[in-house]
Peer 1: 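Sharing a structure below in structure tokens format, with a few things to ask.
Please read all numbers here as calculations on a predicted model, not as lab measurements. The residues of the chain are indexed from 1 along the displayed sequence.
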Amino acid sequence: MREIDELINVEDPAWPLLVQELSGTGVPVEVLPVDAAAARACLGQLQVSARSNLGGIVLHCGGLLVDGGWLRIYGSPGDAGPGGPGGPGGLPGLAEVNAMPASLDPAWRPEAGLVVAHDVLGGVFALNGSDPLRHGRPGEPGEVVHFAPDSLGWEALGAGHSAWLSWILAGGLQEFYEGLGWDGRHDEVAALNGRQGLSFFPPLWSAEARRDPSATSRRPVPMAELLGLARESCLRLDGTDPGFLGAA
């Protein structure tokens, strides 16, 4: 395994260019404060350098809240006090979401893939591991895939992490979530804390919700509960296990 200083001290770090991209986007994005010690530990476990956008996010920010928190891209959150990004009700970090070991473990790998973001609907964005087919996932190794709560299945997005992030900052989410919006959604999302999502009834995968999401009833629930319900629905409806959806 490479030493942490080797991962951090690179000639062409991604973060300065990413800051420019974040500054120039028309998409609302909040950059959360980072916990430097947690960032170094996470980067060392991932063995990803600061040359990549993934490494830059882990090392320099506590996460990105896109469009008022509709999408949460995980980093290394600081301020562990109540209500802070890393505290109770705050946004979890990439390490927590992926159930990384508490201390450096050379044997640990995110075999199925690394969860990099969740949306408030319970959608999951993950980077494929080395053998997606073995884990029942589409796409190539290192490709971003999406678990959609309205279809209860994985889909390949045809991009790696950096291209996926650029697509988000270019406004790609607007078309991606077309048909899943409703009047007043921004207020509902703003009322959530960083560990909550929205549970729908009828569920998003039902014919009723697909026809008109605004006609559903919605309530805040822990994200872990929302992901668990999605997995249970997959198993009950067609016997397919979607695999690890994150430990948030």
Side-chain angles (χ1 to χ4, degrees), residues 42-43 45-48 52-55 57-58 63-64 66 70-75 92-101 105-168 172-173 175-180 197-200 203-206 209-210 222-248:
C42 185
L43 202 68
Q45 184 64 70
L46 285 175
Q47 289 291 288
V48 171
S52 67
N53 277 350
L54 176 61
I57 289 172
V58 168
L64 304 174
V66 182
W70 178 274
L71 179 69
R72 298 102 176 245
I73 300 175
Y74 296 114
L94 188 75
E96 180 183 346
V97 168
N98 287 279
M100 291 185 190
D105 181 356
W108 183 87
R109 294 289 184 276
E111 295 294 343
L114 185 75
V115 174
V116 294
H118 286 120
D119 62 41
V120 296
L121 309 178
V124 185
F125 293 88
L127 282 175
N128 267 339
S130 60
D131 191 354
L133 187 61
R134 183 164 71 89
H135 295 280
R137 295 188 179 180
E140 300 297 322
E143 184 175 346
V144 178
V145 292
H146 175 245
F147 177 81
D150 57 333
S151 66
L152 296 178
W154 290 97
E155 57 183 335
L157 300 186
H161 184 271
S162 292
W164 167 74
L165 188 58
S166 292
W167 166 76
I168 289 171
L173 293 182
E175 182 179 353
F176 189 76
Y177 288 106
E178 188 175 3
L180 288 174
L198 289 172
S199 178
F200 286 69
L204 277 176
W205 48 262
S206 68
R210 287 187 177 190
M223 183 61 73
E225 178 181 328
L226 193 58
L227 299 175
L229 288 171
R231 183 171 182 268
E232 289 173 10
S233 297
C234 289
L235 291 168
R236 184 178 71 253
L237 293 172
D238 62 10
T240 301
D241 188 344
F244 183 67
L245 300 177

Peer 1: Could you list the residues that satisfy side chain to side chain donor-acceptor pair (under 3.5 Å) with S151, not counting sequence neighbours?
Peer 2: none
Peer 1: ring-ring contact (aromatic ring centres under 6.0 Å, His included) with H135: which residues, sequence neighbours excluded?
Peer 2: none
Peer 1: Do I73 and I168 touch side chain to side chain, with heavy atoms closer than 4.5 Å?
Peer 2: yes
Peer 1: Taking only residues two or more places apart in sequence, or in another chain, which ones meet E155 in a side chain to side chain donor-acceptor pair (under 3.5 Å)?
Peer 2: H146
Peer 1: Mind checking side chain to side chain donor-acceptor pair (under 3.5 Å) for S130 and listing every partner two or more places apart, or none if nothing turns up?
Peer 2: none
Peer 1: Tell me every residue that passes side chain to side chain donor-acceptor pair (under 3.5 Å) with R231, counting only those two or more places apart in sequence or in another chain.
Peer 2: D241
Peer 1: In chain order, what residues pass the ring-ring contact (aromatic ring centres under 6.0 Å, His included) check against F200, with sequence neighbours excluded?
Peer 2: W182
Peer 1: Could I get the full list of side-chain contact (heavy atoms from CB on, under 4.5 Å) partners for P138, not counting sequence neighbours?
Peer 2: V145, W154, A156
Peer 1: Report the residues that fulfil side-chain contact (heavy atoms from CB on, under 4.5 Å) with D150, sequence neighbours left out, ordered by chain and then residue number.
Peer 2: A148, L180, L204
Peer 1: Find out whether D238 and L152 are in side-chain contact, i.e. whether some heavy atom of one side chain is under 4.5 Å from a heavy atom of the other.
Peer 2: no
Peer 1: With under 30° as parallel and over 60° as perpendicular, where do the rings of F176 and F125 fit, or are they tilted in between?
Peer 2: tilted
Peer 1: Return each pair, listed once, that meets side chain to side chain donor-acceptor pair (under 3.5 Å) where at least one residue sits in residues 109-118; pairs must be two or more places apart or across chains.
Peer 2: Y74-H118
Peer 1: Which residues pass the side-chain contact (heavy atoms from CB on, under 4.5 Å) test with S52, not counting sequence neighbours?
Peer 2: V48, L54
Peer 1: Tell me every residue that passes salt bridge (Lys or Arg N to Asp or Glu O under 4.0 Å) with D105, counting only those two or more places apart in sequence or in another chain.
Peer 2: none
Peer 1: Please list, chain by chain and in numerical order, all residues satisfying side-chain contact (heavy atoms from CB on, under 4.5 Å) with P222, sequence neighbours excluded.
Peer 2: E225
